[in-house]
Protein chains: 2
Amino acid sequence: MTSTLGFAVLSLLARRELTGYELAQQMKRPVGYFWHAHHSQIYPELARLESAELVRHTVIDGAGPRDTKRYTITAAGMEALRAFVASDFEPQPVRDLETLKIWSIWTVDPDAAVLLVEQLREVHRERLETYRRELAELTSGGTAEDPSHPDFGSWLTLEGGVRNRAAALEWCDWMLTQLRRPGAVTRSRAPDRR
Amino acid sequence: MTSTLGFAVLSLLARRELTGYELAQQMKRPVGYFWHAHHSQIYPELARLESAELVRHTVIDGAGPRDTKRYTITAAGMEALRAFVASDFEPQPVRDLETLKIWSIWTVDPDAAVLLVEQLREVHRERLETYRRELAELTSGGTAEDPSHPDFGSWLTLEGGVRNRAAALEWCDWMLTQLRRPGAVTRSRAPDRR
DNA sequence: AGCTTCATGTAACGCGTTACATGATTAC
DNA sequence: GTAATCATGTAACGCGTTACATGAAGCT
C-alpha cells in the first residue's frame, strides 16, 4: 500500500523528527547515497503518510511564507517500517547507465575507452573516500555496534559501500590493464602494422 | 535527445539485428542484469528511433497477427551510440531498496535481521554463480579479448559483476558475524539478564 | 480443450523530473 | 542590491508499470 518513497521517508523519520525541507536535504546526504527524491515528491508523500496515520506533524516557527511543519513517525508508522524491512526481497528493476556504457565500450576507439574507464574510476575513488571518512566518524561514537541503535544500520550500510566501491576501483584498474595490454591497441579494424 | 531507453535498445541492435519481441526478451537475460524494460516501452521506442533514422526495419515472416519486423541499426544510430558511450558520466539518481532495508535494520528484532541478511546473501550468491557460468562460457570463445568485438564489452561487464557480487557476498557474511556476535543478541531493550 | 510461445500494439495510471510560485532572513 | 538559504506547495510533462487486445502455431 505504502510506496517505496513512503518507506524511504519513514526510514528517515524513524531516526529523528524532521521538517519536509530537512527530509529533502537528507535525500542528498547521507541517504542520497542510496535513495534520491525531490521536494516536490516529498511534500505530497508526507500528506499521504499523514492521512494513513503513519506520521504526524506539529507546526513550529520557521522562515518560510507557509507554516513550517515538524513531522514525527507514529507507532503505526514504526510498525509499517518494521514490516517492510522484514518482508521478502522482491528483485527491483535495474537501470544502470554505467554498466550499459561498459557493455558497449567495444563501439568506441581505444582512447575513448580508456577515458571512459578513467572517469568511472574517479567516481568510485571519490565515493570510496567519502564512505571511509564517514565510517571513521561513525565508529568513533561507540553506538554503531548496538544492533538496536540507528547507527548500526548506518554502520552496515557504510561498510557495504566501502567494500563495494573498493571492488569497483579494482575492477576499473583491471579494465585499464586490459585496455592497455600490448596487442589490445592494435585493432583488427586499424591495419597499421601492415 | 535520445532517451536512456533508446541507448539501451541501440546497444543491443549494435550487436545484431533483432525483432521488437527479441529485444524485449533480451531485456531479461543477459541485458536484464543491468537494464530492464517492458515490451510496451520498446515498441514505441523503436518507432521513435526509426523516425530519427537511428534504426530501420524490414518485414519478415512471423507467427503473430501483425507483421514481424526485424530491426537494424543505421550508421547514424551507431554514431549516436558511440557518442553516448564516450560522453561524460552524469551521476544517475539512485533508488536502492536493498540498502534502504539494511539502513533500517536496527528497527527489527535480531532474528528478523539475520533472516533479512541471509536472504540478501542468497540473492548475491545465486547471481554470482550465474555470472561465473556465463563468464566461463564467454572466455572459452577467444573473442572476448579483442577490444573491438562485442564480447569484449560482455567480458568487462561480467567480470565487474563477479567482483561486485563476490564483494557483496563477503559483506553479507561479515554482517552475519556482527549480528551473531555475543552481546549483540542481548539488546538494551530486552532486559533478560536481570 | 487449454496453456505457452511467438509477435505486436494501445490505454490508463502512477511515479519522477522540471518548472512555476511565494516570501522572509541572512550573507556578500 | 542581489544571491543564497529556509520552507512549502502546485502543475505540466515524460517515463515506467500494468492491463487490455488480437491471433496463429505447437505442446500437454
Side-chain angles (χ1 to χ4, degrees), chain A residues 1-10 12-13 17-29 31-32 34-52 55 57-71 90-97 100, chain B residues 1-9 12 17-29 31-32 34-52 55 57-71 90-97 100:
Chain A
M1 203 208 95
T2 306
S3 66
T4 51
L5 171 63
F7 290 118
V9 169
L10 289 177
L12 277 156
L13 291 177
E17 331 182 293
L18 293 163
T19 66
Y21 184 82
E22 286 169 328
L23 268 160
Q25 297 304 109
Q26 294 276 108
M27 290 290 177
K28 287 170 190 162
R29 197 207 81 109
V31 182
F34 56 87
W35 203 272
H36 175 263
H38 292 276
H39 77 271
S40 56
Q41 277 183 279
I42 290 168
Y43 291 116
E45 185 61 39
L46 281 168
R48 276 191 292 272
L49 290 172
E50 187 149 44
S51 72
V55 303
H57 82 264
T58 51
V59 174
I60 57 163
D61 273 20
R66 289 188 190 78
D67 283 346
T68 297
K69 298 172 187 169
R70 169 150 292 151
Y71 284 89
E90 288 154 61
Q92 291 290 111
V94 274
R95 252 164 233 110
D96 181 348
L97 257 197
L100 182 64
Chain B
M1 205 209 91
T2 306
S3 65
T4 52
L5 172 63
F7 290 118
V9 169
L12 277 156
E17 330 181 294
L18 294 162
T19 66
Y21 184 82
E22 286 169 328
L23 268 160
Q25 298 304 109
Q26 294 276 107
M27 289 291 177
K28 288 170 191 161
R29 198 206 81 110
V31 182
F34 56 88
W35 202 271
H36 175 265
H38 292 275
H39 77 271
S40 54
Q41 278 182 279
I42 291 166
Y43 291 116
E45 185 61 40
L46 281 167
R48 273 191 294 272
L49 290 171
E50 187 149 44
S51 73
V55 304
H57 82 263
T58 51
V59 175
I60 57 162
D61 273 19
R66 288 188 189 79
D67 283 347
T68 298
K69 297 171 187 171
R70 169 151 292 151
Y71 284 89
E90 289 154 61
Q92 289 292 109
V94 274
R95 252 164 233 111
D96 181 348
L97 257 197
L100 183 64

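Side chains are part of it too, since the values below use all heavy atoms of this structure and drop only hydrogens, waters and symmetry mates. Reminder, nothing fancy here: chain letters follow the sequence lines and each chain counts from 1.
- Distances shown here put every side-chain N or O of B/Tyr21 at or beyond 4.0 Å from the OP1 or OP2 atom of C/dT8.
- Between B/Tyr71 and B/Val55, the shortest heavy-atom contact is CD2-CG2, 3.9 Å.
- Between B/Thr19 and C/dT8 there is a side-chain N or O to OP1 or OP2 distance below 4.0 Å.
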Please walk me through it: do B/Leu12 and B/Met27 pass side-chain contact (heavy atoms from CB on, under 4.5 Å)?
CA-CA 9 Å; B/Leu12 277 156; B/Met27 289 291 177; 3.9 Å; yes
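- Counting to the nearest Å, the C1' atom of C/dT8 and the CG atom of B/Leu18 are 15 Å from each other.
- In this structure, A/Ile60 places its CD1 atom 15 Å from C1' of C/dA24, rounding to the nearest Å.
- Atom CG of A/Leu5 is separated from atom P of C/dT17 by 10 Å (rounded to the nearest Å).
- Distance B/Lys28 NZ to D/dT17 C1': 14 Å, rounded to the nearest Å.
- To the nearest 0.5 Å, the span separating OG1 on A/Thr2 from CG on A/Leu10 amounts to 6.5 Å.
- Nearest nucleotide to the side chain of B/Lys69, out of D/dC15, C/dG16, C/dT8: C/dT8.
- A straight line from CG of B/Asp67 to P of D/dT22 spans 18 Å, rounded to a whole angstrom.
- For the pair B/Leu97 CG and C/dC15 C1', the interatomic distance rounds to 14 Å; values are reported in whole Å.
- Contact detail for A/Arg70 and A/Thr19: the closest heavy-atom pair is CA-CG2, 4.3 Å.
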Which atoms of nucleotides 10-13 of chain C (N or O only) lie under 3.5 Å from a protein N or O atom, and what are those distances?
none

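- Put simply, A/Arg95 has no side-chain N or O that comes within less than 4.0 Å of OP1 or OP2 on D/dC15.
- Look at CD on A/Glu45: it is 10 Å from C1' on C/dC15, rounded to the nearest Å.
- With rounding to whole Å, B/Gln92 atom CD is found 15 Å from C/dG16 atom P.
- For A/His38, no side-chain nitrogen or oxygen approaches OP1 or OP2 of C/dG16 to under 4.0 Å.
- Between C/dT17, D/dT8, D/dT17, one nucleotide has an atom nearer to the side chain of B/His36 than all others, and that is D/dT17.
- Counting non-hydrogen atoms under 4.0 angstrom, B/Arg70 reaches nothing in the nucleic acid.
- The terminal axes of the helix from C/dA1-D/dT28 to C/dC28-D/dG1, fitted over 5 pairs per end, subtend an angle of 30° to the nearest 10°.
- Atoms OG1 and NE2, from A/Thr68 and A/His57 in turn, are 10.5 Å apart once rounded to the nearest 0.5 Å.
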